[in-house]
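Read through the structure below, which is laid out as structure tokens, and then see the notes.
Along the sequence shown, residues carry numbers from 1.
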Amino acid sequence: MELKMDGLTINREKIRIKKSEPILVCPAEETDDGFYFLSNLDQNVASIIQTFYCFKADESKKSSETVSEVIKEALAKVLVHFYPLAGSLTISSEGKLTVQCTNKGVPFVEAVADCEIEALGDITVPDPLTLGKLVYTVGGAENILEMPLLTAQVTRFKCGGFVLGMALNHCLVDGIAAMEFVNSWAETARGLPLTVPPFLDRKILRSRQPPKIEFTHDEFKQINDASDMVTLYQEEQMLHKSFLFYPDKLASLKKMAMEDGSIESCTSFTALTALVWRARSKALKMKPQQQTKLIFAVDGRSKLNPSLPKGYFGNGFIFSCCICSAGELIEKPLSFAVHLVQDAIKLVNDNYIRSVIDYFEVTRSRPSLTATVLITTWTRLAFDTTDFGWGKPIQTGCVTLPAKEVVLFLSHGRDKMKNMNLLLGLPVTAMKIFEEQMQV
């Protein structure tokens with residue numbers, strides 16, 4: 001992949017990074033051992049999320065010569081509070097995922113790049129080939145149980161800039177909990193007390209006894225691939241792209257969603273979610289009779305009664321779901337899809353979340369992703385506030401999306417609450433159609 005930066009052509013694929021052998025960083029003090037309970041909300045998201053933070057050299061603060069040692073020492077200290085991350089994933093006697101708190105440690109790698117940090121260019125689009133070099137992953141692991149819950153890598157560049165790359169198992173944290181961990185780590189590196197100490201007891205999200213399923217949970221419904229989309233994915237290369245929506249474009253989209261008068265108002269999230277669902281269904285050439293699902297993450301922390309405690313360390317979100325035929329979705333106005341999204345959001349309350357927890361307890365089902373788009377949003381996560389002592393990151397990003405069905409919404413630029421960037425991957429021919437649908 002070639003990138004243009006400041007009149008120079010940079011070939012990302014030629015960026016060479018030399019890595020040290022990983023060492024295990026253990027909690028700096030003795031911590032609890034035994035098994036650590038994971039709730040039913042943690043069970044269905046056991047995938048590795050790879051993210052990274054790029055920091056520019058700032059000699060006015062301090063030299064980056066010591067950055068690896070500072071971050072490594074801070075990791076040992078912060079793991080005292082977040083000790084489950086130093087354990088390993090296993091299966092409980094109930095057949096569920098659980099963490100064995102062995103204090104085995106977190107693999108930590110020091111690395112050196114043969115270029116300046118500017119050679120990375122714009123990292124808003126996932127790029128496993130190059131960006132994957134910034135994150136340490138364990139080779140030869142055959143399943144999720146053999147992978148560490150957390151790995152860390154610090155890569156120093158010639159200019160003095162550095163990148164912190166992490167691979168973190170989603171079953172331990174959602175986006176909010178992950179950010180609170182990283183910011184706690186950064187505070188520790190700066191010698192500060194934790195602003196948000198973790199609340200570790202996930203048993204507050206145990207299933208009810210007996211379980212009580214009160215709602216239809218279509219996110220688990222199996223759908224037939226009547227449009228033979230599996231062949232399209234097999235025959236064509238996946239292409240990842242990002243699409244930026246500035247406030248004026250978002251305003252235009254919301255106006256389009258409300259123009260037929262069937263809905264009185266909508267948010268940027270509901271309008272953009274509806275647009276992506278329709279556009280992706282068109283791009284994949286779903287047949288009119290094809291059932292299609294939209295699944296999206298809803299933060300349940302404040303919707304539970306009582307609310308989850310501040311600093312809750314775990315997954316506090318649930319998947320809400322809309323389902324209809326592709327023909328209905330595409331032929332009806334955008335307001336139809338927006339209305340479905342709005343109704344799905346309204347449905348999420350304490351009873352609904354408890355029903356989701358109980359549904360898994362009874363069925364042990366996992367969401368089916370055939371003919372499905374799964375939207376997750378990081379727009380409210382403060383990625384740009386993390387400061388290990390060398391200032392805030394100049395860029396943050398993810399190496400790749402966890403599944404081909406996933407679409408990620410990110411905030412963008414200085415006015416982060418108003419600019420939205422969406423990332424997704426599609427087969428090449430489908431991406432061309434999707435791009436046309438984004439011209440609103």
Side-chain angles (χ1 to χ4, degrees), residues 1-3 11-13 44-50 122-133 135 137 139-144 218-243 272-296 319 321-331 337 366-376 397-409 421-439:
M1 177 185 290
E2 289 196 341
L3 302 171
N11 192 332
R12 258 193 187 174
E13 295 172 14
N44 281 327
V45 288
S47 59
I48 303 298
I49 306 299
Q50 298 176 320
D122 179 5
I123 59 170
T124 55
V125 179
D127 176 11
L129 184 64
T130 301
L131 301 179
K133 298 175 184 177
V135 178
T137 54
E142 294 185 2
N143 58 58
I144 199 76
D218 284 331
E219 62 268 31
F220 300 99
K221 184 177 179 180
Q222 299 292 324
I223 292 178
N224 293 324
D225 183 10
S227 306
D228 193 25
M229 288 170 283
V230 67
T231 300
L232 181 64
Y233 278 101
Q234 288 171 350
E235 292 180 348
E236 293 191 12
Q237 182 182 352
M238 280 281 283
L239 183 63
H240 286 89
K241 287 206 170 185
S242 66
F243 298 85
L272 193 55
T273 296
L275 178 71
V276 169
W277 186 20
R278 291 176 86 222
R280 191 174 176 277
S281 300
K282 285 183 183 179
L284 292 172
K285 297 182 179 177
M286 292 187 186
K287 294 180 178 179
Q289 71 273 21
Q290 173 74 59
Q291 287 283 291
T292 177
K293 269 192 303 189
L294 163 69
I295 298 177
F296 57 95
F319 289 122
C321 178
C322 312
I323 189 167
C324 66
S325 71
E328 194 175 24
L329 179 66
I330 292 168
E331 290 163 17
R366 281 171 167 72
S368 169
L369 295 180
T370 303
T372 297
V373 57
L374 194 164
I375 292 178
T376 185
C398 57
V399 172
T400 188
L401 297 173
K404 66 181 187 299
E405 296 84 5
V406 172
V407 177
L408 179 61
F409 290 178
N421 199 16
L422 73 89
L423 307 178
L424 84 162
L426 283 170
V428 174
T429 57
M431 184 62 83
K432 186 175 180 182
I433 299 170
F434 186 87
E435 284 182 291
E436 293 167 357
Q437 298 297 313
M438 290 296 103
Q439 305 304 314

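Between the CZ atom of F296 and the OG1 atom of T376 there is a distance of 11.5 Å, given to the nearest 0.5 Å. One distance of note links NZ of K404 with CG of L426; it measures 11.0 Å at 0.5 Å rounding. To the nearest 0.5 angstrom, K241 atom NZ is 12.5 Å from M438 atom CE. Here the straight-line distance linking atom CG of L129 with atom OG1 of T400 works out to 11.5 Å at 0.5 Å rounding. Going from atom CZ of R278 over to atom CG of L294 covers 13.0 Å, rounded to the nearest 0.5 Å. Interatomic distance, C324 SG to Q291 CD, rounded to the nearest 0.5 Å: 7.5 Å.
Nearest heavy atoms, A430 versus A283: O-CB, 3.2 Å. Of all heavy-atom pairs between C398 and L131, the closest is O-CD1, 4.2 Å. Nearest heavy-atom pair across R280 and T372 is NH1-O, 3.1 Å.
Under the 4.5 Å side-chain criterion, counting only non-hydrogen atoms from C-beta, I375 is not in contact with W277. Side-chain atoms of L272 and L422, non-hydrogen and from C-beta on, do get closer than 4.5 Å to each other. Counting heavy atoms from C-beta outward, I49 and P402 have side chains that approach closer than 4.5 Å. Counting only heavy atoms from C-beta outward, the side chains of L424 and V373 never approach each other to under 4.5 Å.
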### Query
What's the verdict on side-chain contact (heavy atoms from CB on, under 4.5 Å) for F319 and V45, showing C-alpha distance, side-chain angles and the deciding distance?
CA-CA 11 Å; F319 289 122; V45 288; 4.1 Å; yes
### Test side-chain contact (heavy atoms from CB on, under 4.5 Å) applied to F220 and N44, step by step
CA-CA 11 Å; F220 300 99; N44 281 327; 3.8 Å; yes
### side-chain contact (heavy atoms from CB on, under 4.5 Å) assessment of L369 paired with I295
CA-CA 9 Å; L369 295 180; I295 298 177; 4.3 Å; yes
### Task
Show the numbers, then the answer: is there a side-chain contact (heavy atoms from CB on, under 4.5 Å) between K293 and S368?
CA-CA 9 Å; K293 269 192 303 189; S368 169; 3.8 Å; yes
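Under the side-chain hydrogen bond (donor to acceptor under 3.5 Å, both in side chains) criterion, D228 pairs with T231, sequence neighbours left out. Taking the side-chain hydrogen bond (donor to acceptor under 3.5 Å, both in side chains) definition, one finds that K282 meets it with Q437, sequence neighbours left out. With sequence neighbours excluded, no residue forms a side-chain hydrogen bond (donor to acceptor under 3.5 Å, both in side chains) with T273. Remark: K432 engages E436 in a side-chain contact (heavy atoms from CB on, under 4.5 Å) (not counting sequence neighbours). Under the rule for a salt bridge (charged side-chain N to carboxylate O under 4.0 Å, His left out), E331 has no partner lying at least two apart in sequence or in another chain. Taking the side-chain contact (heavy atoms from CB on, under 4.5 Å) definition, one finds that K285 meets it with I433, sequence neighbours left out. Applying the side-chain contact (heavy atoms from CB on, under 4.5 Å) rule to S242 yields the partners T124, V125, N421, L423; only residues at least two apart in sequence or on another chain are considered. A403 meets the side-chain contact (heavy atoms from CB on, under 4.5 Å) test with E405, V406; sequence neighbours excluded. Residues passing the side-chain hydrogen bond (donor to acceptor under 3.5 Å, both in side chains) test with Q50, sequence neighbours excluded: none.
With S227 contributing its side chain and D225 its backbone, the two residues share no donor-acceptor pair below 3.5 Å. In this structure, T292 contributes its side chain and A371 its backbone to a donor-acceptor pair below 3.5 Å. Side chain of E219 to main chain of R366: no donor-acceptor pair is present (N/O by atom type, distance under 3.5 Å, no hydrogens or angles).
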